[in-house]
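Scroll down for the structure; my scribbles are underneath it.
Letters go in sequence order (proteins before strands), and every chain restarts at 1. Just so you know, these numbers use all the heavy atoms, side chains as well, and skip hydrogens, waters and symmetry mates.
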Amino acid sequence: MATLQCTTLFPLFFQLQAEGVDETCVTFVLHEQDHTLGNALRYMIMKNPEVVFCGYSITHPSEDKINLRIQTKGVPAIDSFRRGLCELTTVCEHVLATFETENYIFSRPEAIGILHHGNLIGTNTVWNQSVLTRTCQENHEK
Amino acid sequence: MAGNRRVEEMRSRVSLGEFGVSDNFRIDVLKMSAEEIEFDMIGIDAAIANAFRRILLAEVPTMAVEKVFLYNNTSIIQDEILAHRLGLVPFRADPRLFEFRSEGDEEGTEIDTLQFELKIRCSRNPKAAKDSADSEELYMNSKVYTRHFRWVPLGNQADIYEPNSIGPVHKDILLAQLRPGQEIDLMMHCVKGIGKDHAKFSPVATASYRLLPDVHLLAPIEGELAETLRDCFSPGVISVEIINGKKVARVVNARMDNCSREVFRHEELKNLVKLTRVRDHFIFLVESTGALSPAILVMEAVKILMGKCRRFIAELDADENENA
């Protein structure tokens with residue numbers, strides 16, 4: 001695979017070939033990114049058992065880009081990059097949905113905060129009863 | 001090999017289920033007000049929690065004064081100092097209803113700019129007592145506050161926004177002081193920006209997280225030692241109960257511990273207590289400056305991280321279609 005270049009107006013990334021003609025060891029250069037996406041993405045990509053090595057670095061603090069290197073056992077690295085991105089999106093969606101639900105429950109007028117062992121737990125509406133019991137159990141185990 | 005072990009440990013540290021995050025993931029909102037939210041995120045890894053924190057600080061957009069057009073400034077506050085102070089004033093305007101200003105655009109349009117005017121002149125108060133020394137009494141308009149801002153609607157902004165809903169968050173921020181004869185006459189343009197560009201665009205007073213402290217008693221601690229142990233920690237962490245006539249210490253609420261590690265200064269207690277942190281329990285505290293409510297800020301931060309991922313996925317798709 002030859003070197004690819006993005007033809008969109010603002011090239012967001014292009015792929016650097018690292019090891020001859022090998023698509024399992026690739027270094028991606030992501031522009032205008034820093035530890036925010038780099039670390040989160042590295043974590044998600046490492047979860048993939050096919051990935052042998054994944055790391056990112058900021059080559060120079062004055063330059064706004066990161067190098068993300070992925071080495072896999074046999075799968076094309078670009079696939080594990082895409083998979084990492086998709087999984088991170090799924091995690092974010094789940095976090096957003098959970099937060100929105102909790103937020104809604106917390107702000108309902110009939111939800112009241114209760115004190116348990118001096119610890120303000122949150123709401124005690126019926127929906128959240130299982131959460132409440134779980135938190136109580138954790139406190140008891142300590 | 002140590003390397004393999006570390007990798008395995010990292011892979012299994014936080015278990016993610018089939019859909020990314022399993023039932024282990026939970027969010028508990030503990031305190032919520034118009035300015036502040038305290039919530040727990042349990043079952044997520046530090047990399048992602050930190051990404052949210054970084055985005056809250058630097059990448060959630062806000063509206064702030066960027067350009068100040070000074071027509072007249074005879075006060076002793078220099079032009080640039082006054083402009084700097086104006087830039088730091090938080091404005092109550094929902095940034096999601098505005099767009100970023102495009103590069104090189106000098107004139108503001110109604111979709112990306114809010115215009116405010118500050119026109120104030122200080123004069124002597126004829127009704128003041130002869131020998132008063134208080135500047136408030138002697139002069140009129142001697143102190144310039146944010147409540148002296150006047151909103152100048154552009155285009156159709158007057159139809160869209162209520163006049164009282166657009167303005168600085170706090171009406172009593174002191175910007176400058178004047179004496180009779182001095183005047184300030186300026187126009188400011190408020191634009192949308194992100195904290196990465198300038199800290200004035202950061203929507204949070206601060207956003208931080210800490211890990212839940214974990215206090216384990218390795219052996220039963222009784223009697224006077226229990227009282228000493230209780231005093232080593234913040235109030236509420238350890239409680240001393242009477243069981244079978246003896247005082248026994250018990251960990252009640254490790255969350256209230258502020259990690260002073262005072263317990264390690266006592267020889268007899270040092271080896272009986274283990275202080276660690278729960279690795280996947282994050283206690284977030286987000287304080288908003290007032291433009292958006294803190295709960296909305298957190299949701300925007302999550303959406304921004306999603307947006308970043310989606311942009312790269314779209315890039316990958318575009319590339320594939322080209323080379324296919």
Side-chain angles (χ1 to χ4, degrees), chain A residues 1 4-8 11-15 28 30 33-44 46-49 52-53 78 81-82 84-96 98-103 105-107 113 117-123 128 131 134-135 139 142, chain B residues 7 10-11 14 16 19-21 25-32 37 39-41 44-48 50-52 54-55 58-59 196 214-217 235-236 239 250-256 295-296 298-299 302-303 305-306 308-320 322-323:
Chain A
M1 234 194 316
L4 297 171
Q5 270 260 312
C6 251
T7 55
T8 54
L12 284 182
F13 86 106
F14 59 86
Q15 193 170 277
F28 299 92
L30 277 64
Q33 300 302 328
D34 56 3
H35 302 286
T36 308
L37 186 65
N39 198 23
L41 198 53
R42 177 198 60 86
Y43 167 76
M44 292 312 297
M46 273 310 289
K47 289 248 147 202
N48 184 353
V52 167
F53 174 89
I78 204 165
F81 180 49
R82 173 195 284 274
L85 284 167
C86 293
E87 283 177 355
L88 187 55
T89 315
T90 318
V91 170
C92 287
E93 281 167 359
H94 186 97
V95 171
L96 189 61
T98 316
F99 186 78
E100 277 173 348
T101 323
E102 277 304 316
N103 199 22
I105 287 178
F106 190 84
S107 54
H117 288 213
N119 180 21
L120 185 69
I121 290 215
T123 68
N128 231 6
V131 173
R134 212 179 337 174
T135 326
N139 272 344
K142 290 259 158 85
Chain B
V7 165
M10 198 176 82
R11 283 205 229 255
V14 179
L16 302 180
F19 300 103
V21 192
F25 180 70
R26 222 167 76 217
I27 291 188
D28 295 325
V29 176
L30 260 71
K31 257 189 280 197
M32 186 152 74
I37 188 174
F39 67 95
D40 286 8
M41 234 192 243
I44 202 167
D45 189 68
I48 303 179
N50 195 36
F52 292 143
R54 287 175 67 97
I55 294 177
E59 298 191 45
K196 239 191 199 175
D214 200 13
V215 183
H216 276 298
L217 299 178
S239 80
R250 195 169 70 87
V251 178
V252 163
N253 189 4
R255 193 195 174 92
M256 302 187 70
I296 303 215
V298 177
M299 293 196 267
V302 181
K303 287 182 200 161
L305 186 58
M306 268 200 296
K308 282 187 203 253
C309 296
R310 291 204 173 119
R311 256 180 43 222
F312 283 105
I313 295 178
E315 284 280 338
L316 280 172
D317 286 340
D319 250 350
E320 252 183 47
E322 261 171 43
N323 295 336

Flag the pair Phe99(A) / Phe39(B) as yes when their ring centroid distance falls below 6.0 Å, and as no otherwise. yes

Hey, does Phe312(B) have a side-chain heavy atom less than 4.5 Å from the side chain of Leu41(A)? no

Which heavy atom of Cys309(B) sits nearest to which heavy atom of Thr89(A), and what is that distance? CB-OG1, 3.4 Å

Smallest heavy-atom separation, Leu316(B) atom then Phe81(A) atom, equals CD1-CD2, 3.9 Å

Can you name the nearest heavy-atom pair linking Ile27(B) to Val95(A), along with the distance? CD1-O, 3.9 Å

Among residues at least two apart in sequence or on other chains, which ones pass salt bridge (Lys or Arg N to Asp or Glu O under 4.0 Å) with Glu100(A)? none

Going from OG1 on Thr36(A) to CD on Glu59(B), what distance comes out if it is rounded to the nearest 0.5 angstrom? 5.0 Å

Approximate separation, where rounding is to 0.5 Å, of Met306(B) CE and Thr90(A) OG1: 10.0 Å

dist Met46(A):CE -> Asp45(B):CG (nearest 0.5 Å) comes out at 12.0 Å

Any chance you could measure Met32(B), atom CE, to Asn103(A), atom CG, to the nearest 0.5 Å? 4.0 Å

Taking every heavy atom of Asp28(B) against every heavy atom of Glu102(A), the minimum-distance pair comes out as CA-OE1, 4.3 Å

Could you walk me through whether Arg26(B) and Thr98(A) pass side chain to side chain contact (heavy atoms under 4.5 Å, CB included), step by step? CA-CA 7 Å; Arg26(B) 222 167 76 217; Thr98(A) 316; 6.0 Å; no

For residues Cys92(A) and Val302(B), report the shortest heavy-atom separation together with the two atoms involved. O-CG1, 3.3 Å

Given a strict heavy-atom distance threshold of 4.5 Å, which part of Asp40(B) is in contact with chain A: side chain, backbone, both, or neither? neither

Would you check if Asn50(B) and His35(A) make a side-chain contact, meaning some heavy-atom pair closer than 4.5 Å? no

What part of Ile37(B) gets closer than 4.5 Å to chain A, counting heavy atoms only: side chain, backbone, both or neither? side chain

His94(A) to Phe25(B) - nearest heavy-atom pair and separation: CD2-CD2, 3.3 Å

Spatial distance of atom CG (Leu305(B)) from atom CG (Leu88(A)) [nearest 0.5 Å]: 5.0 Å

Got a sec, which residues hit salt bridge (Lys or Arg N to Asp or Glu O under 4.0 Å) with Arg54(B), two or more places apart in sequence or on another chain? Asp34(A)

